[in-house]
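The structure under discussion appears below in the form of structure tokens.
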There are 2 protein chains.
Amino acid sequence: MDKKVDLLVRVSELYYEQGLNQSAIADILGTSRPTVSRLLDEAKEDGVVEVIVHSPIKKDPQLSHRLRVNLGLREAIVVSGNYDYEKGLSRCCEAANQLFSTIIENNKTVGITWGSALKILCDLIEPKDYYNVNVVQMVGCLATGNPNLDGLELAFRMAKKLGGTYSNIYAPIYVESEVVYSYLVAEPQIEATLKRAMHTDIILTGIGSLDSNTTLQKAGYLTDRDRIDLIGRGAVGHLLAHPFDKDGNEIPLIGRFAISAPLEAMRAAEWSIGISASEFKAEAVLAAVRGGFINTLVVDQKLANKVLELAQEEE
Amino acid sequence: MDKKVDLLVRVSELYYEQGLNQSAIADILGTSRPTVSRLLDEAKEDGVVEVIVHSPIKKDPQLSHRLRVNLGLREAIVVSGNYDYEKGLSRCCEAANQLFSTIIENNKTVGITWGSALKILCDLIEPKDYYNVNVVQMVGCLATGNPNLDGLELAFRMAKKLGGTYSNIYAPIYVESEVVYSYLVAEPQIEATLKRAMHTDIILTGIGSLDSNTTLQKAGYLTDRDRIDLIGRGAVGHLLAHPFDKDGNEIPLIGRFAISAPLEAMRAAEWSIGISASEFKAEAVLAAVRGGFINTLVVDQKLANKVLELAQEEE
DNA sequence: CAAGAAATTGAAAAAATTATCAAACAAAAT
DNA sequence: ATTTTGTTTGATAATTTTTTCAATTTCTTG
């Protein structure tokens with residue numbers, strides 16, 4: 001048995017360390033090329049050779065792969081480790097930043113929403129001077145006491161970091177009057193921004209759930225009653241201020257008009273990246289994917305497992 | 001620049017951790033297959049991915065490769081580390097044992113010489129029960145006070161470990177009388193052994209130098225005068241009790257008749273493995289290779305460097 | 001701001017690797 | 001001893017990867 005390991009070591013050294021090809025090794029060994037290929041497979045299998053990817057952020061390759069394949073995503077990144085909500089979200093944002101840095105380039109339009117994921121991500125972005133990058137605020141303002149979670153400020157800060165321009169929506173996230181709504185969306189700057197939001201290349205967003213802790217409610221834009229009502233009508237999450245059910249069908253919010261791009265805008269982007277952490281987001285995340293709003297997920301291990309579990313149950 | 005590293009990490013994770021092929025990655029990235037191939041190259045180059053071969057004996061892949069290619073060897077193994085003679089030889093023997101264990105199989109004839117390398121190697125061999133393995137003593141006996149360096153005992157012990165048979169030469173390494181020589185080589189058992197020695201599959205041997213410490217002289221088979229004379233006639237080393245010059249031409253030893261297989265026997269074996277350590281062996285090693293007596297070297301770093309240096313000088 | 005140099009890219013071709021399959025071999029059971 | 005069963009092996013085919021090369025883009029430098 002030791003003979004076998006010695007052989008695996010020998011072949012692996014020749015292949016990986018000395019860089020010979022399999023047919024040269026076959027000649028040395030006096031065997032055939034396919035046999036060398038099999039030996040190298042075994043060496044990997046048995047842990048004689050190990051391939052390490054040096055990344056500052058450790059990911060779970062199995063989960064990433066399953067998530068991507070099972071949900072039909074363009075890409076899925078699952079950060080390893082068992083973190084609490086805050087820490088998990090931070091790690092996801094680091095991974096999202098890593099991903100974003102490889103996608104962003106000159107002449108791209110970046111659509112953003114709001115929330116803590118976006119804030120953390122925005123902080124992480126390395127300043128760089130791109131040409132003709134436009135950051136578009138896709139949802140109206142969330143006038144909480146904490147302006148740095150707000151799309152308005154985030155778009156400004158992100159544009160600054162990327163050396164680009166920004167398109168803002170100087171309006172609240174929801175209005176209750178249809179007249180006001182009509183006026184606002186016709187307002188030239190807002191109209192222009194919303195139009196741009198329909199043609200973004202990269203969208204970065206958190207994924208809204210409908211638990212009682214949702215920022216939307218805390219900020220006073222949604223009452224507990226509204227929330228219960230939405231849940232009663234099947235809603236499980238929201239994006240761009242639009243709630244949707246588990247299949248991604250929009251559930252209208254009665255008596256509120258959202259000053260934001262329609263959900264359709266999410267489908268137009270080449271990259272629509274959802275960043276989210278912790279199990280309680282699972283339903284919303286799965287629905288966002290089922291609706292085709294999100295084609296790329298950056299999540300933590302817990303959430304990934306929960307989402308896959310839910311997806312399984314659906315059958 | 002960080003963008004590039006992030007991209008290399010991303011591609012490497014997809015390729016090595018998730019096992020996607022390059023064209024799947026190209027689709028995700030929105031680029032071409034060759035670009036992915038180039039990125040993976042870069043990732044290796046930049047140390048983003050590292051391939052580790054877990055071997056109990058660390059080798060120097062660069063030196064191994066250079067030695068093999070520059071000297072046209074079947075295989076070359078250079079053990080890493082800066083050891084003194086004793087320790088270096090031990091490490092070489094461990095590596096040689098590793099190599100040997102991958103080569104030896106049923107129905108093979110193994111030719112051995114004598115010396116400390118062979119003794120250490122013999123101690124390391126794992127007992128195993130091969131079928132029809134024959135261990136052939138290729139050189140007569142070296143009657144020093146230390147019988148365990150002697151081919152006679154080594155052949156016996158090695159055969160025992162491999163579960164095979166042995167063929168011995170019950171005669172001294174050299175005799176001074178031609179009559180005695182003729183009688184001995186015609187002696188049935190010796191004749192049979194010498195005949196077998198001409199058709200070995202694997203030869204294991206140290207490589208003899210002509211420094212004043214050579215065991216041959218210490219054992220009294222060679223006087224200092226003989227040695228100086230040989231050196232004067234161009235000899236730089238010896239194998240199977242036959243001295244040779246730097247190009248591998250045999251230098252006859254005047255007044256001595258060797259009871260051993262001819263140098264030609266070395267060329268017949270598929271594997272003729274020379275085990276040697278320390279710089280002072282360099283000339284002898286290079287000559288043994290130049291003469292085509294050795295097709296595989298197992299040496300330490302110091303010796304490898306020195307041999308390569310000498311080989312370079314020859315041009 | 002244009003012109004040339006250098007680097008980057010993808011299409012096509014070449015090379016290398018992996019998968020498939022049937023034959024040879026070995027082990028086990030009759 | 002002989003058949004059966006399960007491995008191992010290498011030839012062939014299919015796939016994947018790498019190289020080559022021409023075209024394009026990007027970066028310098030006058």
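Quick caveat, the model's predicted, so the values are computed rather than measured. Lettering follows sequence order; numbering is per chain, from 1. Hydrogens, waters and symmetry mates are skipped; everything else that's a heavy atom, side chains included, is used.
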>> If you compare every side-chain N and O of B/Ser32 against the phosphate oxygens of C/dA11 (OP1, OP2), does one of them come in below 4.0 Å?
In response: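 The answer is no; no side-chain N or O of B/Ser32 sits under 4.0 Å from OP1 or OP2.
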> Given atom CG of A/Asp27 and atom C1' of D/dG10, what is their separation to the nearest angstrom?
Replying inline: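 Computing the A/Asp27:CG to D/dG10:C1' distance gives 14 Å.
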> Roughly how many Å is it from OH in B/Tyr131 to P in C/dC25, rounded to a whole number?
Replying inline: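 Result: 15 Å.
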>> For A/Arg196, is the CZ atom crowded, meaning more than 12 foreign heavy atoms sit under 6.0 Å from it?
In response: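 No.
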>> Could you tell me if A/Gln98 and A/Lys59 have a donor-acceptor pair between their side chains, going purely by distance under 3.5 Å?
In response: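 Their side chains do contain a donor-acceptor pair, which is all the 3.5 Å distance test asks for.
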> Any side-chain heavy atom of A/Ser272 sitting closer than 4.5 Å to one from A/Thr296?
Replying inline: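 A/Ser272 vs A/Thr296: side chains apart.
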> Side chains of B/Leu286 and B/Leu71: closer than 4.5 Å at any heavy-atom pair?
Replying inline: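 The answer is yes, as the side chains (C-beta and beyond) meet within the 4.5 Å cut-off.
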When you compare the protein's N or O atoms with those of nucleotides 17-20 of chain C, which come within less than 3.5 Å of each other, and at what distance?
{"residue": "C/dT17", "atom": "OP1", "partner": "A/Tyr15", "partner atom": "OH", "Å": "3.1"}
{"residue": "C/dT17", "atom": "OP2", "partner": "A/Gln22", "partner atom": "N", "Å": "2.9"}
{"residue": "C/dT18", "atom": "OP2", "partner": "A/Gln22", "partner atom": "NE2", "Å": "2.7"}
{"residue": "C/dT18", "atom": "OP2", "partner": "A/Ser37", "partner atom": "OG", "Å": "3.0"}

>> Using the rule given for side-chain contact (heavy atoms from CB on, under 4.5 Å), can you reason through B/Val78 versus B/Asp300, listing the C-alpha separation, both sets of side-chain angles and the distance that settles it, and then say yes or no?
In response: CA-CA 5 Å; B/Val78 178; B/Asp300 68 344; over 6 Å; no
